[in-house]
Q: 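This is the structure, below, for whatever I ask next.
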2 protein chains.
Amino acid sequence: MRDLRTSNRARVLRRLYFDGQFSRHELAGATGLSQASVSNVVGELVDDQVVVEAGLVGSDGGRPRVLLRVNPDHACVVGVDVGETHVLVEVFDLTLRRLAMSTFQMESIANRGEAVVERVLAGLSQCIEDSGVDPSRLLGVGVGVPGLVERGSELLVHAQTVGWNGVPLERMLRAGTDLPLFIDNGANTLGQAEMWFGAGRGARNAVIALVGSGVGASVIADGVPYRGASGGAGEWGHTTLALDGRPCRCGANGCLEAYIGAKGVLARHRELAGLPGVVTDEEIALRDLLAEDSPAAREVLNETARYAGAGIGNLINLFNPERVILGGWAGLLLGSQLLPAIREVAAKHALHHPYQQAKIKLCELGTESVAMGAATLPVTEFLNAGGVRNPALMRPTA
Amino acid sequence: MRDLRTSNRARVLRRLYFDGQFSRHELAGATGLSQASVSNVVGELVDDQVVVEAGLVGSDGGRPRVLLRVNPDHACVVGVDVGETHVLVEVFDLTLRRLAMSTFQMESIANRGEAVVERVLAGLSQCIEDSGVDPSRLLGVGVGVPGLVERGSELLVHAQTVGWNGVPLERMLRAGTDLPLFIDNGANTLGQAEMWFGAGRGARNAVIALVGSGVGASVIADGVPYRGASGGAGEWGHTTLALDGRPCRCGANGCLEAYIGAKGVLARHRELAGLPGVVTDEEIALRDLLAEDSPAAREVLNETARYAGAGIGNLINLFNPERVILGGWAGLLLGSQLLPAIREVAAKHALHHPYQQAKIKLCELGTESVAMGAATLPVTEFLNAGGVRNPALMRPTA
DNA sequence: CGCCTTATTTCAAGATGTGATTTAACCCAT
DNA sequence: ATGGGTTAAATCACATCTTGAAATAAGGCG
């Protein structure tokens with residue numbers, strides 16, 4: 001009973017949030033509620049200032065409809081991107097327009113959970129101040145981290161590549177803020193951002209494949225992120241594509257990451273071209289590789305496309321998505337040049353029918369959207385609660 | 001509003017169906033409803049004879065609680081297993097105890113949709129008669145088919161391996177029966193059976209890996225089967241495990257199926273042992289192979305375990321399930337002997353953390369449970385409807 | 001036999017959705 | 001400008017449902 005109104009508020013609110021402006025009349029049709037109920041629900045939402053009227057629109061001789069939209073200024077959210085070498089904090093309004101940001105570069109976050117927490121909290125105060133937002137209007141803080149997030153009795157972050165083994169990030173942040181905290185894998189938050197505002201808009205089933213130094217994926221099943229039993233779903237990078245293939249930094253052999261991750265691609269190129277030494281800036285090196293017109297470069301890129309295509313084919317076979325969205329800084333670089341080749345290989349490896357259902361495209365938001373995606377987490381909570389802040393998520397004050 | 005009572009009936013009913021006997025008092029706690037509501041809801045369910053009282057249980061000095069349980073005889077369902085070489089029809093009571101069955105062996109169902117429909121309908125009448133069930137008590141007919149089920153404007157079955165390209169099975173069956181029809185991939189229905197009554201009980205995230213002649217999988221995400229955009233999710237068999245590997249009957253190279261499907265295993269064995277000729281009975285051949293103590297057999301089985309392990313590792317990395325359940329007639333044969341080796345390989349290929357979450361075990365219900373799983377489909381519908389038959393699913397009578 | 005305990009039902013109150021009806025707001029032809 | 005037509009939104013009366021509290025049922029125990 002108590003949930004009925006909430007769920008109806010959520011239905012209406014979500015519609016307005018994701019599909020723009022509607023009149024009460026149209027909302028009734030769109031949500032399946034009766035006009036009377038929509039009137040009631042909208043009345044409440046307007047009273048609460050979650051929704052505002054946004055002008056009239058003539059209606060062919062009749063009373064004009066009153067358009068409604070979400071009030072962007074009703075509340076704000078914070079998104080945090082904890083990357084391997086930086087911490088980025090951003091404040092957004094309810095519709096995720098950025099109001100302020102603050103970044104910290106770090107040598108590496110490896111084994112430095114405390115330092116990260118310090119930066120996040122500093123960025124938080126800084127940004128909130130810069131944006132001029134009253135803290136009481138903040139819905140919460142979403143945090144994207146480079147690792148697996150386990151939700152047990154306590155939230156723990158496992159980020160193997162940076163030596164975080166069971167870092168109790170929530171508890172650590174909790175010591176410095178009362179705001180509701182939402183922590184998720186950065187790949188998932190970036191995926192959310194693409195789903196809401198990028199290449200995933202409108203899809204209910206999608207896989208966002210992220211290629212950077214390493215390789216990951218975010219899976220959206222029936223409109224919601226699929227996290228698996230313990231938040232570890234979507235570890236596409238360590239999927240075996242070549243039994244007994246190249247060794248991967250995870251310890252196994254033949255992982256996809258060893259072939260299409262930036263590190264792997266560059267390493268193979270150096271081997272093939274007989275170049276020694278280490279890469280200092282992977283991004284520049286990858287750009288150079290893409291521009292280079294040598295047999296070795298062609299060979300490596302060709303191979304990369306083949307592995308990426310087969311890997312995407314596997315995703316298509318297993319998930320049967322409407323979209324496969326290729327992103328991550330390396331994914332975008334490689335994809336901009338290799339996408340046609342990748343599609344071709346994927347077509348060969350995926351079954352005919354599922355392949356036809358799947359559009360393979362590139363991310364639209366760039367790689368900075370981890371923080372924005374993190375900010376979608378508190379917003380999602382807010383929308384699901386029908387536009388009500390949930391006080392239970394704050395720090396329990398004595 | 002109209003759904004509120006329905007959803008509460010469904011809550012109560014599901015609890016009783018899956019978790020056995022409860023008193024009204026306990027149900028209130030278990031479902032989160034008030035005792036008053038439970039009383040009302042249960043009253044209705046008992047009036048409708050969906051639920052019956054099942055004895056008293058003393059309660060430490062107070063009024064004894066009345067135990068409630070689902071009435072197995074309230075309704076019946078039919079499950080149909082359309083295999084590549086047989087059609088099996090079974091009638092069950094509401095709790096899926098078998099009341100009657102009827103099988104037809106066929107040379108092959110390839111390109112013989114009409115013949116299959118004929119057999120299904122014949123089996124239906126036969127079984128219903130044998131079981132003595134009044135047709136009005138049937139909730140519907142679930143059908144498991146060996147291929148992809150596309151739910152578009154019309155339900156179409158694509159079973160590449162038997163030459164079914166867009167067979168309108170629902171329409172064809174509809175011509176011969178008024179009963180509600182539920183059609184799904186046989187791998188999914190078998191998976192459902194395992195989830196309800198077999199190795200998957202209690203898990204919310206699981207992958208049921210099926211190895212027969214071919215290879216497939218059924219994915220359960222958050223308690224519900226994940227079908228993807230067009231019913232084609234879980235095509236594990238045509239996942240690439242060895243770029244440029246053995247050719248697969250799907251046309252691609254290096255598919256898992258070419259290495260661990262019975263056909264593939266036997267073919268490799270023949271090659272290795274230098275045997276000519278064709279296999280007439282795959283099951284006998286596979287049993288022989290498992291019993292054989294030759295270098296060629298050891299080599300092939302070893303390889304098979306490696307591919308199966310890597311394939312399962314990939315499932316674990318991508319889906320992060322609580323369980324991976326190996327089934328299918330070949331899967332059970334191979335698994336009974338190779339499971340330890342498979343686990344070992346999977347541990348090497350999967351990431352540490354997800355691997356630890358996942359129990360790898362064998363199916364418990366044998367391979368005959370496709371039909372039982374198919375029968376879960378109408379039952380699921382019935383439970384979700386709160387124990388009410390949905391007349392809209394019948395053939396619209398003029 | 002009366003009191004105690006626990007389970008279930010009954011009751012009255014409050015909340016909510018809905019169809020029908022009414023009111024509002026605008027266009028347009030006269 | 002005015003009244004009829006049209007569409008949107010609000011209001012109303014009613015039915016449905018949940019719920020906490022109170023009452024009742026059913027047994028144990030001294």
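A note on names: the letters A, B, ... follow the listed sequences, proteins ahead of strands, and every chain is numbered from 1. Because the structure is predicted, anything quoted here is derived from the model rather than measured.
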Q: For the residue pair A:Ser218 / A:Asn188, report whether a side-chain donor-acceptor contact shorter than 3.5 Å exists.
A: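 Distance-only check passes for A:Asn188 and A:Ser218.
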Q: Give a yes-or-no answer on whether the side chains of B:Asn185 and B:Arg227 include a donor-acceptor pair shorter than 3.5 Å.
A: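 Looking only at side-chain atoms, B:Arg227 and B:Asn185 do not form any donor-acceptor pair under 3.5 Å.
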Q: Check the distance between C:dT16's P and B:Arg5's CZ and give it to me in whole angstrom.
A: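 Rounded to whole Å, this separation is 18 Å.
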Q: Taking the minimum atom-to-atom distance to the side chain of B:Leu56, which one of C:dT16, D:dC17, D:dG27 wins?
A: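 So the nucleotide nearest the side chain must be D:dG27.
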Q: Examine distances only and state if a side-chain atom of A:Arg389 and a backbone atom of A:Ser136 form a donor-acceptor pair shorter than 3.5 Å.
A: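 Looks like yes, one N/O pair under 3.5 Å.
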Q: Please confirm whether B:Phe18 and B:Phe197 have ring centers closer than 6.0 angstrom.
A: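 They do not qualify: ring centres at least 6.0 Å apart.
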Q: Would you say A:Ser34 reaches C:dG17's phosphate, i.e. side-chain N/O to OP1/OP2 under 4.0 Å?
A: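 Negative; the distance criterion is not met.
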Q: Expressed as a whole number of angstroms, how long is the span from A:Asp3:CG to C:dA15:C1'?
A: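 Roughly 13 Å, once rounded to whole Å.
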Q: Measure the distance from CZ on A:Arg9 to P on C:dT16 and round it to the nearest whole Å.
A: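 After rounding, the gap between these two atoms is 10 Å.
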Q: For A:Leu4 and D:dC17, what is the distance between atoms CG and P respectively, to the nearest whole Å?
A: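 In whole Å, D:dC17 P and A:Leu4 CG are 11 Å from each other.
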Q: In the 5'-to-3' direction, what one-character label does each nucleotide of nucleotides 4-11 of chain D receive under the scheme B = base within less than 4.0 Å of a protein heavy atom, S = sugar-phosphate only, - = no such atom?
A: -BBBBBBB
Q: State which residues pass salt bridge (Lys or Arg N to Asp or Glu O under 4.0 Å) with A:Arg204; sequence neighbours excluded, sorted by chain then number.
A: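 Testing A:Arg204 for salt bridge (Lys or Arg N to Asp or Glu O under 4.0 Å), a comparison that skips the adjacent residues, returns none.
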Q: How long is the line joining CZ of B:Phe22 and C1' of C:dA7, in whole Å?
A: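 After rounding, the reported distance stands at 16 Å.
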Q: For the pair A:Trp196 and A:Tyr17, name the ring-plane relationship: parallel under 30°, tilted 30 to 60°, perpendicular over 60°.
A: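 Answer is perpendicular, since the angle exceeds 60°.
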